[in-house]
Protein chains: 2
Amino acid sequence: MGRNKEFDTTVVLRKAMEVFGHYGYEGTSLQILLDGLGIARQSLYDTYGTKKDLFISAVKHYTNEKSAALLARLDRPGSVKAAIADIFREIAAALKDEARRKECFIMHSAIDQVPHVPEIATFFEQDASRLEEAFYQALVRAYEQGELSGRHGDLRALARYLNHSRYSLTQAAKLTSDPQVLDDIVKVTLSALDS
Amino acid sequence: MGRNKEFDTTVVLRKAMEVFGHYGYEGTSLQILLDGLGIARQSLYDTYGTKKDLFISAVKHYTNEKSAALLARLDRPGSVKAAIADIFREIAAALKDEARRKECFIMHSAIDQVPHVPEIATFFEQDASRLEEAFYQALVRAYEQGELSGRHGDLRALARYLNHSRYSLTQAAKLTSDPQVLDDIVKVTLSALDS
DNA sequence: CCTTTTTCGGACCATTTAATCAAGAATGAA
DNA sequence: TTCATTCTTGATTAAATGGTCCGAAAAAGG
């Protein structure tokens, strides 16, 4: 019983990603935040807690969403190289889409806060090691399937490289408005898997 | 005539890089800034102008320094691949050095401000296109010297990739404390030049 | 109708912010 | 010495900050 929430909490969380992504965590004043979310001040505190709580929630929600999609794609049987290519092309596609790219920039703000918000630091550590391991296992499978030659000796290094490249694409997107640049970067990045 | 400045303006500029790199532009309060610089408030305003002015000066000084070193190394005759390898290993070395890495993080804060400080945006655009062109010319020379095979067809894409990888290393350094990860990333990054 | 829950808007708070002004002491060159 | 420049310190300003409290209206279920 009682009145229902008028806003979808996950939709508002998406908007929070955009706002924090655009202004950064410290650069986002409460006023800007409320204007961006389209809800009243009290609703924010009732639903999400403080500004920092909301930020952490948005970061986690974004990261979990992306990580889940990545793990799902890596786990699909078939060519591992094709899976990795898909993953990177999907990221590039998101960063080239005017509507979707805005959310992605919250990653930059999140990395900014790593030294100052322990909860985000540990969260990223765990997420990174999980994904690095997933990449590694996928590469092992690729090797067993004959997709990789002996010249890709250090699969651990390759896994770390792929995981890092994922993050770095959003940084590239912040620095250029030319979609061709993103495609070029992805193309060369994937060439590390060529035989 | 008159009293001399007691502090070296470029030394203070270095400290400014560290402070802004650690706290971000908006996260750096004037008090934190003054404590980090070790000068009095009035000295800051007399010498550098406002907080934003100092930030822009620090960013430009850092970028110019790094870019000049890069261009100098690329212009040296001899193996281009060796030059590029040197460049990336030097970046990794700086990021692994507890003392030097702190300055590098100002890049993250600077990229953060790109959408909000036009002066930084245009400065980065110019710097990026200059370095991309330098990488491209170097790759052309490498090809002419027989260092690259036909499989490195798109030298423009390769140049963009190298320039982007340079930036992205500081982001990787923010996310991991394990120096081995940086080495792994550099190793795989450079493998894009292998035949 | 009654109760519960949420939304909304304004008032309010203490703190912090960047920046300016003022004044005295230190310093160095003419 | 004289004068210009810088350093240091403290006071001050006006605005913005994140966060809390309160009250009334609106909706939904009992």
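So that the names make sense, note that chain A is the first sequence line, chain B the second, and so on, each numbered from 1. Computed from a predicted model, the values in this text were never measured in an experiment.
Note: CG (B:Leu34) to P (D:dG10) measures 13 Å, nearest angstrom. At whole-Å resolution of the value, CG in A:Asp35 and P in D:dT17 are 11 Å apart. With rounding to whole Å, B:Asp46 atom CG is found 18 Å from C:dT27 atom P. Rounded to whole angstrom, the span from the CD1 atom of A:Ile39 across to the C1' atom of C:dC8 amounts to 11 Å. To the nearest angstrom, P of C:dA19 lies 14 Å from CZ of B:Phe55. Between the CG atom of B:Leu54 and the C1' atom of C:dA18 there is a distance of 13 Å, rounded to whole Å. Per the geometry, CG belonging to A:Leu37 stands 13 Å off P belonging to D:dG18, to the nearest Å. Look at CD on B:Glu26: it is 10 Å from P on D:dT17, rounded to the nearest Å.
Residue pairs that meet the ring-ring contact (aromatic ring centres under 6.0 Å, His included) test with at least one member in residues 58-109 of chain B, sequence neighbours left out, are A:His108-B:His108. Applying the salt bridge (charged side-chain N to carboxylate O under 4.0 Å, His left out) test to pairs two or more places apart or on separate chains, those with a residue in residues 179-194 of chain B are A:Asp154-B:Lys187, A:Arg160-B:Asp184, B:Lys96-B:Asp183. The stretch residues 161-181 of chain A participates, sequence neighbours left out, in no ring-ring contact (aromatic ring centres under 6.0 Å, His included) pair at all.
Between the side chain of A:Ser129 and the backbone N or O of A:Gln126 there is at least one donor-acceptor pair closer than 3.5 Å.
With salt bridges taken as basic N to acidic carboxylate O contacts below 4.0 Å, one links B:Arg156 and B:Glu132.
Over its length, the helix from C:dC1-D:dG30 to C:dA30-D:dT1 turns its helix axis by 10°, as judged from the five terminal pairs at each end, rounded to 10°.
Set against D:dT20, C:dT7, D:dC7, the side chain of A:Tyr45 has D:dT20 as its closest nucleotide.
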N/O to N/O distances under 3.5 Å, protein versus nucleotides 9-17 of chain C:
none

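With sequence neighbours excluded, the residues that form a ring-ring contact (aromatic ring centres under 6.0 Å, His included) with A:Tyr23 are B:His116. Residues passing the salt bridge (charged side-chain N to carboxylate O under 4.0 Å, His left out) test with A:Arg130 are A:Asp127, sequence neighbours excluded. With sequence neighbours left out, A:Asp46 forms a salt bridge (charged side-chain N to carboxylate O under 4.0 Å, His left out) with no residue at all. In this structure, A:Asp35 has no salt bridge (charged side-chain N to carboxylate O under 4.0 Å, His left out) partners at least two apart in sequence or on a different chain.
Note on B:Ser43: a side-chain N or O is less than 4.0 Å away from OP1 or OP2 of D:dC7.
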